[in-house]
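Some notes on the structure that comes next.
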Amino acid sequence: QEQLPAASDAELRGLDGEIAARSAQLQTLQQSCRHMEAEMKDLNSSMTTPEIAREIEALRKDCASYTEKLERIKSATNHVSPEEKEKVCREQQLYRREWRRRKRMATELLDAILEGYPKSKKQFFEEVGIETDEDHGVVLPATV
């Protein structure tokens with residue numbers, strides 16, 4: 001550095017001003033670069049025009065198939081009338097009541113037998129071959 005001529009104060013102030021201007025210009029360019037990189041990332045992550053066209057076509061096909069299915073359901077003539085529904089509900093109620101009545105009678109009869117039986121209830125059921133609703137996980141339907 002001794003070989004270079006010494007700079008005057010005016011030259012140093014000029015160089016400082018130039019450095020400040022270049023630093024400001026660098027900051028502006030870096031900010032612009034970050035903005036452009038973010039924009040590029042957004043564009044790269046979005047769908048392309050052909051991809052969007054394929055997606056739209058797939059959605060249109062789905063919509064058409066759902067519309068067709070809806071029309072078939074609407075035009076179906078095998079709807080259950082309220083009278084038929086009421087009849088089925090009454091029958092179910094009757095069968096449920098009968099199931100409860102018969103189960104209660106069978107339970108009372110078996111309890112009477114088991115009073116004088118020397119072995120356990122489980123052993124009696126095995127010997128006689130009785131299978132209960134509980135053995136098969138059957139539950140009495142709830143009231144509608």
Side-chain angles (χ1 to χ4, degrees), residues 1 4 7-144:
Q1 290 181 358
L4 296 174
S8 67
D9 285 341
E11 287 178 314
L12 288 176
R13 280 192 295 272
L15 289 174
D16 285 342
E18 190 177 332
I19 288 173
R22 299 277 175 146
S23 293
Q25 185 181 12
L26 175 65
Q27 290 293 332
T28 304
L29 288 174
Q30 285 177 336
Q31 185 178 4
S32 176
C33 184
R34 282 192 297 271
H35 176 69
M36 287 182 184
E37 285 175 346
E39 188 176 341
M40 186 175 86
K41 183 179 176 185
D42 286 344
L43 290 173
N44 284 337
S45 66
S46 64
M47 296 175 79
T48 63
T49 302
E51 289 173 335
I52 289 174
R54 284 192 297 272
E55 184 71 20
I56 289 172
E57 187 59 34
L59 291 172
R60 283 189 177 140
K61 286 180 183 175
D62 288 348
C63 185
S65 68
Y66 290 140
T67 303
E68 180 182 326
K69 186 175 181 180
L70 178 62
E71 289 303 317
R72 277 193 314 233
I73 292 171
K74 283 182 178 180
S75 67
T77 58
N78 60 352
H79 292 294
V80 177
S81 69
E83 295 83 23
E84 289 177 279
K85 181 179 177 183
E86 183 61 34
K87 180 183 174 197
V88 169
C89 288
R90 279 194 311 270
E91 287 178 3
Q92 184 197 27
Q93 197 172 26
L94 173 74
Y95 296 140
R96 192 174 46 245
R97 234 187 342 256
E98 189 65 24
W99 184 355
R100 278 196 191 109
R101 188 178 71 78
R102 289 180 184 206
K103 184 172 181 166
R104 185 176 49 253
M105 287 182 350
T107 303
E108 289 172 0
L109 180 65
L110 290 171
D111 287 344
I113 292 171
L114 287 170
E115 284 180 12
Y117 193 70
K119 297 179 183 175
S120 72
K121 181 177 182 179
K122 184 177 180 181
Q123 289 173 330
F124 174 70
F125 281 12
E126 285 179 14
E127 286 178 14
V128 178
I130 296 175
E131 296 177 350
T132 64
D133 294 339
E134 292 78 21
D135 292 340
H136 294 282
V138 177
V139 180
L140 188 66
T143 306
V144 177

When rounded to the nearest 0.5 angstrom, what distance separates CD1 in Ile113 from CG in Leu109?
4.5 Å
Kindly check if the number of other-residue, nucleotide or ligand heavy atoms within 6.0 Å of NE2 (His35) is above 12?
no
Working note: Leu94 + Glu91, criterion side chain to side chain contact (heavy atoms under 4.5 Å, CB included); need CA distance, chi angles, decisive distance, verdict.
CA-CA 5 Å; Leu94 173 74; Glu91 287 178 3; 5.5 Å; no
Does a donor on one side chain and an acceptor on the other come within less than 3.5 Å for Asp135 and Thr132?
yes
Neighbour count >12 (heavy atoms, 6.0 Å) for atom CE, Met47:
yes
List the steps and the verdict of salt bridge (charged side-chain N to carboxylate O under 4.0 Å, His left out) for Glu57 and Arg54.
CA-CA 5 Å; Glu57 187 59 34; Arg54 284 192 297 272; over 6 Å; no
CE of Met40 to SG of Cys33: how many Å apart, nearest 0.5 Å?
9.0 Å
Pair Glu134 + Lys103, salt bridge at N-O below 4.0 Å:
yes
Start with the C-alpha distance between Gln30 and Leu26, add both sets of side-chain angles, then the distance that settles side chain to side chain contact (heavy atoms under 4.5 Å, CB included), and finish with yes or no.
CA-CA 6 Å; Gln30 285 177 336; Leu26 175 65; 3.9 Å; yes
Kindly check if the number of other-residue, nucleotide or ligand heavy atoms within 6.0 Å of CD (Glu71) is above 12?
yes
Once rounded to the nearest 0.5 Å, what's the spacing between atom CG of Leu110 and atom CD of Glu115?
11.5 Å
With a 4.5 Å cut-off on side-chain heavy atoms, are Glu68 and Arg72 touching?
yes
Distance (rounded to the nearest 0.5 Å) between Leu43 CG and Thr48 OG1
12.0 Å
When rounded to the nearest 0.5 angstrom, what is the spacing between CG in Leu59 and CD1 in Ile52?
11.5 Å
Which of these passes side chain to side chain contact (heavy atoms under 4.5 Å, CB included) with Lys87: Lys85, Arg90, Glu84?
Arg90
When you check the gap from the basic side-chain N to the acidic O, do Arg22 and Glu18 get nearer than 4.0 Å?
yes
One should read off an interatomic distance between Glu37 CD and Asp42 CG, to the nearest 0.5 angstrom, of 12.0 Å
